[in-house]
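One structure below.
The chain is numbered in sequence order, starting from 1. Keep in mind the model is a prediction, meaning the values are calculated, not measured.
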Amino acid sequence: MKAAIVTIGDEILIGQIVDTNSSYIAKALDKIGIATHEMLSISDDKQHILDTFHSLQNNVDVVIITGGLGPTKDDITKKTFCDYFEDDLVENEAVLVHVKSIIEGFYKRPITQINREQALVPTKAKVLFNQAGTAPGMWMEKDNTVFISLPGVPYEMKYLIDNEVIPNLVQKFERPYIVHQTIMTYGRGESMIAEQIEGWEDNLPDFIKLAYLPSPGKVRLRLTARGTNEELLKNEIKQQVEKLDLLIHDIIVGYNEDEAIEVVLGRLLTEKKVTISTAESCTGGKIAATLSAVPGASNYFKGSVVSYTTQTKINVLGVANDAVVKCGVVSAEVATEMAKSVQKIMASDYAIATTGNAGPTKGDKAAELGTIFIAIATPNGVFAEEFNFGQPREKVIDRAISKALELVYKEILKK
């Protein structure tokens with residue numbers, strides 16, 4: 001089964017807002033065995049909407065549209081629906097009662113004509129009742145395609161997807177099973193992993209596909225199996241993951257794509273009953289922000305010193321001025337002293353320190369742009385490693401954060 005997701009709104013096309021609706025809808029469809037064939041963002045233009053409907057008609061099984069259902073004149077989806085399905089708008093009594101209860105009960109003001117128009121729906125539409133807002137969803141069918149229109153407000157869209165759309169799709173269609181398994185890896189590039197697992201990948205069953213999803217410092221490997229026997233798919237995926245683990249167990253940190261490394265690291269710190277702190281220069285506190293964003297981080301994250309200037313490294317962290325003069329502020333020696341110092345100040349078991357030239361201009365003239373030193377202090381000692389992450393600045397910082405978390409993760413695993 002194939003679906004298309006269409007978001008309507010000029011605010012998306014001009015970059016004023018980010019389309020998060022499509023991602024949520026695609027994940028919900030995937031869970032019930034409906035593959036998203038394409039995603040489109042189109043303008044608030046009647047002809048553009050009609051042309052899009054015509055192009056999708058009979059080419060996909062389901063079209064889900066978000067946006068354009070508000071009460072103002074620029075919201076034209078309902079009227080365009082009527083044109084496409086040769087239908088008329090009528091007032092739906094149940095929706096009107098609901099709209100009145102929200103406007104008069106919650107907002108404490110009389111309902112206006114523009115509010116009443118929220119209760120207008122095409123006569124041929126199946127109304128999807130929206131408990132989270134005033135604009136109802138609409139379900140209409142033409143030939144071999146179901147068209148579903150939802151409000152663009154994310155929390156309203158989510159309510160309708162979860163409580164109306166998915167249950168109705170499950171009831172209407174017989175669907176194949178889709179089983180995913182994501183393997184999270186850190187510390188090795190996409191091409192190196194591909195070479196290492198080439199033989200395994202070549203021998204995957206035809207109904208299982210592998211996708212490489214790289215980002216700074218990490219690669220997600222996603223296995224997707226499609227078929228009619230769910231138990232067979234799950235068992236085969238499990239066996240393939242076990243084979244893969246034998247090949248790259250040293251870089252696998254988890255099996256859930258929703259779990260970032262900071263979540264996995266936080267769980268490990270909690271299990272081992274150890275704590276961590278950070279001393280950051282070039283990363284500007286972003287490692288600390290990443291660690292502390294995880295719920296429950298107060299159980300293991302002791303704190304951070306953002307020593308952005310050389311003088312702060314000397315005055316607050318006690319880095320020796322001689323080390324700065326002799327080795328440069330961007331050096332293994334300075335990173336090592338930073339890590340040891342913050343470990344002592346915060347009384348933590350582990351500590352991360354970063355110092356480097358993220359760019360776009362040089363600070364420490366002795367170090368090339370993109371050079372980063374990351375030091376890890378452990379209960380048994382401290383070490384520092386040098387990296388060059390190139391440019392631009394954002395890439396350097398992102399990769400430094402990922403690498404630092406990877407390094408400390410591997411050290412804690414040894415405990």
Side-chain angles (χ1 to χ4, degrees), residues 3-12 16-32 34 36 39-42 44 49 62-82 85 89-141 146-173 258 295:
I5 301 169
V6 180
T7 53
I8 299 175
D10 292 338
E11 65 275 14
I12 295 172
Q16 192 173 35
I17 67 169
V18 176
D19 170 29
T20 58
N21 285 352
S22 293
S23 174
Y24 188 89
I25 294 168
K27 286 181 180 180
L29 293 174
D30 182 77
K31 288 178 182 177
I32 62 169
I34 299 178
T36 299
M39 295 179 182
L40 302 169
S41 291
I42 63 175
D44 292 297
I49 297 171
V62 181
V63 179
I64 297 183
I65 306 108
T66 67
L69 295 183
T72 54
K73 291 181 180 180
D74 64 330
D75 292 306
I76 61 173
T77 301
K78 280 195 294 189
K79 293 177 181 177
T80 307
F81 246 49
C82 285
F85 287 94
L89 291 172
V90 295
E91 190 172 87
N92 183 285
E93 185 176 351
V95 176
L96 179 60
V97 169
H98 176 62
V99 172
K100 288 182 70 175
S101 71
I102 291 178
I103 300 300
E104 297 176 354
F106 183 78
Y107 292 106
K108 306 296 182 184
R109 60 176 176 79
I111 189 171
T112 65
Q113 180 57 36
I114 200 169
N115 298 137
R116 290 184 69 98
E117 290 179 2
Q118 289 286 77
L120 295 176
V121 295
T123 65
K124 300 175 185 176
K126 176 180 180 178
V127 175
L128 305 177
F129 201 70
N130 181 10
Q131 289 281 12
T134 57
M138 299 176 295
W139 174 300
M140 301 185 78
E141 300 182 20
V146 173
F147 290 81
I148 301 168
S149 180
L150 305 175
V153 179
Y155 67 85
E156 295 186 33
M157 175 278 300
K158 290 177 182 179
Y159 173 85
L160 285 166
I161 284 288
D162 295 341
N163 296 280
E164 295 285 344
V165 175
I166 296 301
N168 276 283
L169 288 173
V170 168
Q171 186 176 20
K172 180 176 177 61
F173 293 106
D258 294 327

- Measuring from I5:CD1 to I65:CD1, what's the distance to the nearest 0.5 Å? 11.0 Å
- Task: May I ask you to test the T112-I103 pair for a side-chain heavy-atom distance under 4.5 Å?
- Result: no
- For E117 and K78 the tightest heavy-atom approach is O-NZ, 3.0 Å
- Query: Are side-chain N/O atoms of S41 and T7 paired as donor and acceptor at under 3.5 Å?
  - Reply: yes
- Nearest 0.5 Å, what's the NZ-CH2 distance between K172 and W139? 6.5 Å
- Message: Out of the candidates E104, R109, K100, only one should pair with N115 under the side chain to side chain donor-acceptor pair (under 3.5 Å) rule; please name it.
- Response: R109
- Message: Quick check for you: to the nearest 0.5 Å, what is the distance between L120 atom CG and E91 atom CD?
- Response: 6.0 Å
- Message: Can a donor-acceptor pair be found, under 3.5 Å and without considering hydrogens, that links the side chain of D44 to the backbone of D10?
- Response: yes
- Interatomic distance, K124 atom NZ to C82 atom SG [nearest 0.5 angstrom]: 9.0 Å
- Can you check whether V95 reaches V127 side chain to side chain, under 4.5 Å on heavy atoms? yes
- Message: Under a 3.5 Å cutoff, is there a donor and acceptor pairing between the side chains of N168 and K126?
- Response: yes
- For Y159 and A132, which heavy atoms make the closest approach, and how far apart are they? CB-CB, 3.8 Å
- Item | Minimum-distance pair of heavy atoms, taken over all atoms of A28 and I161 | CB-CG2, 3.7 Å
- Do you see a donor-acceptor pair shorter than 3.5 Å between the side chains of D162 and Y24? yes
- Item | Gap separating the CD1 atom of I25 from the NZ atom of K27, nearest 0.5 angstrom | 12.5 Å
- Message: Please determine whether ring-ring contact (aromatic ring centres under 6.0 Å, His included) holds for the pair F81 and F85, giving the CA-CA distance in whole Å, both sets of side-chain angles, and the decisive distance to 0.1 Å.
- Response: CA-CA 6 Å; F81 246 49; F85 287 94; 5.5 Å; yes
- Looking only at heavy atoms, which two atoms of P136 and L69 are closest? And how far apart? O-CD1, 3.7 Å
- Message: Restricting to non-hydrogen atoms, name the atom on L29 and the atom on A3 that form the minimum distance, rounded to 0.1 Å.
- Response: CD1-CB, 3.7 Å
- Message: Can you tell me how far apart OG1 (T134) and CD (E156) are? Round to the nearest 0.5 Å.
- Response: 6.0 Å
